[in-house]
Peer 1: 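Just passing along the structure, written as structure tokens.
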Amino acid sequence: MSTATHIQPTVILQDLVMPGIDGLTLVSQYRTNPATREIPIIVLSTNENPQVKGQAFAMGANDYLVKLPDRIELIARLRYHSRAYLNQLQRDAAYHALRESQQQLMENNSELTALNQKLEEATLAKSEFLANMSHEIRTPMNGVIGMVSLLLDTELTDEQREYVEATRSSADALLTIINDILDFSKIEAGKLDLEHHPFELHTCIEEALDLLAPAAAEKKLDLAYNVDDIIPKILVSDVTRLRQILVNLVANAIKFTTHGEIFVEVTAAAHGYRTIEPGHEQDTDFVRHPEQWLLHFSVRDTGIGIPRERQHRLFKSFQQVDASTTRHYGGTGLGLAICKRLAELMGGRIWVDSDAGKGATFHFTITTKATAATAPPNWQTPQPQLAGRRLLVVEDSATNRRIITHRAEQWGMAVECVTTGRDALKRLAETPAFDAVLFDLQLPEFFRPAPPSTPLTPPQMGEGGGLEGGAGIKSRRASPSPTKFASNLTAANCRCSRCPPCACAATIRARRRWAFLFSCTSPFVRRNCSTRSAAS
């Protein structure tokens with residue numbers, strides 16, 4: 001027993017016949033000793049009596065051999081029990097190590113949970129403080145901006161005006177940062193409640209683009225948008241937060257784009273009838289707005305793009321693509337994080353498709369409610385007075401050509417597009433004549449003299465302001481007069497012998513970056529041409 005306790009063998013081969021002690025008694029002592037309790041024991045005996053075998057196994061023996069066993073069999077049994085014991089030791093050691101690591105992990109998790117709870121409480125207290133102080137923080141800044149604006153209206157020297165304008169610019173930038181931080185704090189504190197009121201989607205997008213049109217015009221960028229015709233005109237959601245997302249994404253697109261265009265598109269990702277929640281069977285809102293729409297917005301630019309390996313940094317608080325972004329373009333890194341939270345609060349999500357040098361397209365979805373399907377507005381239906389009329393579009397932007405062609409063909413017009421003024425003159429020299437020409441005032445080849453003093457107003461192209469219905473194109477810069485180019489167009493296209501060139505040129509009306517030219521052979525302007533000719 002002492003020898004076995006000292007050397008700790010991996011297997012014990014025990015004879016039942018021992019001098020001074022019974023072998024079975026020794027087996028029992030092995031099993032009661034903690035040092036040898038788990039060591040396998042093989043009993044050797046000359047007795048094949050089943051009763052003796054049963055006693056040996058009852059005492060704790062693992063195997064029973066009758067003397068003298070075959071040598072190969074004996075070695076095989078010794079090897080088997082030895083390996084089994086060693087494997088058991090390894091399993092026990094791994095189990096104990098795992099138990100210790102689990103215990104340590106549980107203790108660490110408990111400590112981290114307690115620390116995280118304290119941090120959450122501190123963050124919540126900070127967010128609640130900022131949310132409650134939002135009015136007190138904004139009011140002084142609005143006062144500063146208001147007083148600076150009044151100061152700009154007074155008589156100032158050039159140097160003073162430069163200082164005041166710098167102050168106004170800095171105050172505006174600071175107010176933008178304050179608004180972002182306060183909005184983010186409200187979202188973090190769970191105090192941002194969405195409103196649900198009817199609004200017109202086209203008006204919402206127009207208002208967002210109108211805010212940013214000056215910045216786009218300064219960089220000579222095109223701003224355009226298109227709304228799928230199947231989307232209802234009136235929706236129910238939080239128009240303020242939707243406009244906030246659009247303004248943020250379009251402003252970022254303008255910031256990171258040096259040339260080209262920014263295009264906003266809205267499509268219907270899904271729609272269907274709402275389900276009545278239990279307990280709301282008498283909900284009047286469900287009766288008024290039974291349909292639910294999942295709208296997909298995309299804001300595409302032709303800017304610097306975002307490397308794929310850095311896109312994971314987007315939509316995270318206080319993070320930008322890299323450190324150089326802040327140095328070159330400014331920003332706090334909160335805008336996209338706020339957009340992400342707002343999109344999620346409105347039942348959607350936000351993501352980006354981009355690559356370095358290939359521009360970026362930001363997508364987001366929101367869930368809105370709408371009334372039951374109704375007749376589309378007038379500007380989305382065929383216009384009998386335009387049916388069959390021929391329109392020539394002179395525009396170098398493929399996006400703008402697509403928008404204009406879609407709307408004009410919807411009205412029943414036959415549309416042809418060219419990309420240069422030279423091509424336009426060639427087409428106008430052909431027959432049959434076009435009823436109207438819509439051309440971009442900012443094509444590089446155009447000559448831009450002073451505008452005419454009394455332009456003639458052409459007839460309206462349907463309700464909704466003509467080509468504005470459901471789609472819009474903002475100006476890259478102030479549109480000059482196309483008088484000289486119009487004279488060339490009318491000379492090539494006019495077949496009226498009684499109208500001098502000035503009368504035909506007078507049928508032009510410039511609107512933002514576009515100019516309409518109506519042929520005096522068209523019944524739309526025949527009356528106007530005759531009146532103008534008499535006046536000439």
Peer 1: Do Arg390 and Asp435 sit within salt-bridge range, that is, some charged N less than 4.0 Å from a carboxylate O?
Peer 2: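 Salt bridge: no.
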Peer 1: For the CZ atom of Arg389 and the CG atom of Leu386, what is their distance to the nearest 0.5 Å?
Peer 2: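 With rounding to 0.5 Å, CZ (Arg389) is 8.5 Å from CG (Leu386).
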Peer 1: Is any side-chain heavy atom of Ile178 less than 4.5 Å from a side-chain heavy atom of Met141?
Peer 2: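 Yes, side chains in contact.
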Peer 1: So, Thr154 side chain and Leu151 main chain: donor-acceptor pair closer than 3.5 Å or not?
Peer 2: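 Yes; at least one donor-acceptor contact below 3.5 Å.
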Peer 1: For residues Ile254 and Ala216, report the shortest heavy-atom separation together with the two atoms involved.
Peer 2: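 Looks like CD1-CB, 4.0 Å.
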Peer 1: First locate atom OG1 of Thr420, then atom CD of Glu395, and finally report the distance between them rounded to the nearest 0.5 Å.
Peer 2: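 Between Thr420 OG1 and Glu395 CD, I get 11.5 Å after rounding to 0.5 Å.
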Peer 1: Do you see a donor-acceptor pair shorter than 3.5 Å between the side chains of Glu291 and Trp293?
Peer 2: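 Per modelled atom types, Glu291 and Trp293 side chains form a pair under 3.5 Å.
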Peer 1: Going by the angle between their ring planes, with limits at 30° and 60°, are Tyr225 and His202 parallel, tilted or perpendicular?
Peer 2: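 Tilted.
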Peer 1: Which heavy atom of Ile205 sits nearest a heavy atom of Leu246, and at what distance?
Peer 2: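 Heavy atoms of Ile205 and Leu246 come nearest at CG1-CD1, 4.1 Å.
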Peer 1: What heavy-atom pair brings Phe199 and Ser237 nearest, and what distance separates the two atoms?
Peer 2: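 That would be CE2-N, 3.6 Å.
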Peer 1: Is the closest side-chain heavy-atom distance between Leu294 and His271 below 4.5 Å?
Peer 2: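 In short, these two side chains do not touch, never coming nearer than 4.5 Å.
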Peer 1: With side chains defined as the heavy atoms from C-beta onward, is the minimum distance between Phe362 and Ile306 less than 4.5 Å?
Peer 2: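 In contact.
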Peer 1: Can you tell me how far CG of Leu391 sits from CE of Met413, rounded to the nearest 0.5 angstrom?
Peer 2: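 The CE atom of Met413 sits 4.5 Å away from the CG atom of Leu391.
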Peer 1: Determine the minimum heavy-atom distance between Val394 and Gly421, stating which atoms define it.
Peer 2: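 Looking at all heavy atoms of both residues, the shortest contact is CG1-N, 4.2 Å.
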Peer 1: Nearest heavy-atom pair of Ile350 and Cys339: which atoms, and what distance?
Peer 2: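 Nearest pair, atom of Ile350 first, then Cys339: CD1-CB, 4.0 Å.
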Peer 1: Evaluate the side-chain contact (heavy atoms from CB on, under 4.5 Å) criterion for residues His197 and Val236: first the C-alpha distance (whole Å), next the side-chain angles of each, then the deciding distance (0.1 Å), finally the verdict.
Peer 2: CA-CA 5 Å; His197 298 296; Val236 177; 5.9 Å; no
Peer 1: Whether the Thr367 and Gln292 side chains hold a donor-acceptor pair (N or O, under 3.5 Å, no angle test) is what I'd like checked.
Peer 2: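 The answer is no; no qualifying pair exists.
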Peer 1: Under a 4.5 Å cut-off applied to non-hydrogen side-chain atoms, are Thr139 and Asn142 in contact?
Peer 2: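 No, side chains not in contact.
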Peer 1: I'd like to know whether Leu119 forms a side-chain contact (heavy atoms from CB on, under 4.5 Å) with Gln117, so could you lay out the CA-CA distance, the side-chain angles of the two residues, the decisive distance to 0.1 Å, and finally the verdict.
Peer 2: CA-CA 5 Å; Leu119 291 175; Gln117 185 175 358; over 6 Å; no
Peer 1: If you round to the nearest 0.5 Å, how far is CZ of Arg402 from OG1 of Thr405?
Peer 2: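 If I round to the nearest 0.5 Å, the distance is 10.0 Å.
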Peer 1: Give a yes-or-no answer on whether the side chains of Asn226 and His406 include a donor-acceptor pair shorter than 3.5 Å.
Peer 2: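 Not at all, the side chains of Asn226 and His406 share no donor-acceptor pair under 3.5 Å.
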Peer 1: Let's go through Asp238 and Arg243 carefully: what are the C-alpha distance in whole Å and the side-chain angles of both, what is the deciding distance for salt bridge (Lys or Arg N to Asp or Glu O under 4.0 Å) to 0.1 Å, and is it a yes or a no?
Peer 2: CA-CA 9 Å; Asp238 193 328; Arg243 188 187 303 113; over 6 Å; no
Peer 1: Any donor-acceptor pair under 3.5 Å linking the side-chain atoms of Gln244 with those of Asn248?
Peer 2: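 The criterion, which ignores hydrogens and geometry beyond distance, is not satisfied for Gln244 and Asn248.
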Peer 1: Apply salt bridge (charged side-chain N to carboxylate O under 4.0 Å, His left out) to Arg161 and list each qualifying residue two or more places apart in sequence or on a separate chain.
Peer 2: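 Salt bridge (charged side-chain N to carboxylate O under 4.0 Å, His left out) check on Arg161 returns nothing, list empty.
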Peer 1: Side chains of Cys204 and Leu242: does their closest heavy-atom pair fall under 4.5 Å?
Peer 2: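 In contact.
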Peer 1: To the nearest 0.5 Å, tell me how far Asp353 CG sits from Thr361 OG1.
Peer 2: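 Going from the CG atom of Asp353 to the OG1 atom of Thr361 covers 6.5 Å.
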Peer 1: What I'd like to find out is whether the side chain of His259 reaches to under 4.5 Å of the side chain of Lys220, using heavy atoms alone.
Peer 2: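 Heavy-atom side-chain distance check fails, nothing below 4.5 Å.
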Peer 1: Return yes if some donor-acceptor pair links the side-chain N/O of Gln383 with the main-chain N/O of Asn378 below 3.5 Å, else return no.
Peer 2: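 Checking the backbone N and O of Asn378 against the side chain of Gln383, a donor-acceptor pair under 3.5 Å is found.
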Peer 1: Any heavy-atom pair between the side chains of Phe297 and Ile366 that's under 4.5 Å?
Peer 2: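 A side-chain contact exists here, since the closest heavy-atom pair is under 4.5 Å.
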Peer 1: Hey, is CD on Glu162 packed in by over 12 heavy atoms from elsewhere, all under 6.0 Å?
Peer 2: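 It does not: Glu162 CD has 12 such atoms or fewer within range.
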Peer 1: Between the side chains of Ser169 and Asp172, is a donor N or O closer than 3.5 angstrom to an acceptor N or O?
Peer 2: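 Checked: Ser169/Asp172 side chains show no N/O donor-acceptor pair below 3.5 Å.
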Peer 1: Take Phe364 and Leu295, measure what side-chain contact (heavy atoms from CB on, under 4.5 Å) needs, and give me the verdict at the end.
Peer 2: CA-CA 8 Å; Phe364 71 94; Leu295 301 184; over 6 Å; no
Peer 1: Might you point out which heavy atoms bring Thr257 and Thr302 nearest each other, and give the distance in Å?
Peer 2: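 Reported closest heavy-atom pair: CG2-OG1, 3.6 Å.
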Peer 1: Under a 3.5 Å cutoff, is there a donor and acceptor pairing between the side chains of Gln410 and Arg407?
Peer 2: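 Side-chain D/A pair, Gln410 to Arg407: present.
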Peer 1: May I ask you to decide if Leu175's main-chain N or O and Asn179's side chain share a donor-acceptor pair within less than 3.5 Å?
Peer 2: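 Checking the backbone N and O of Leu175 against the side chain of Asn179, a donor-acceptor pair under 3.5 Å is found.
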Peer 1: Less than 4.0 Å between a side-chain N and a carboxylate O, is that true for Lys255 and Asp301?
Peer 2: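 No, no charged N to carboxylate O under 4.0 Å.
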Peer 1: Take Val250 and Leu223 through the side-chain contact (heavy atoms from CB on, under 4.5 Å) test and state the conclusion after the steps.
Peer 2: CA-CA 9 Å; Val250 175; Leu223 275 180; 4.0 Å; yes
Peer 1: Got a sec, which residues hit side chain to side chain contact (heavy atoms under 4.5 Å, CB included) with Leu211, two or more places apart in sequence or on another chain?
Peer 2: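 Partners of Leu211 under the side chain to side chain contact (heavy atoms under 4.5 Å, CB included) test: Val247.
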Peer 1: Between CZ of Arg241 and CZ of Arg341, what distance do you get to the nearest 0.5 Å?
Peer 2: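 The CZ atom of Arg341 is 14.0 Å from CZ of Arg241, to the nearest 0.5 Å.
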Peer 1: Less than 6.0 angstrom from the centroid, inside 45 degrees of the normal: does Arg300 satisfy that with respect to the ring of Phe263?
Peer 2: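 No, Arg300 and Phe263 do not form such a contact.
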Peer 1: Counting C-beta onward and ignoring hydrogens, is there a side-chain heavy-atom pair between Leu221 and Ile262 closer than 4.5 Å?
Peer 2: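 Leu221 vs Ile262: side chains touch.
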Peer 1: With sequence neighbours excluded, what pairs up with His196 under the ring pair (Phe, Tyr, Trp, His ring centres under 6.0 Å) test?
Peer 2: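 Expected list: none.
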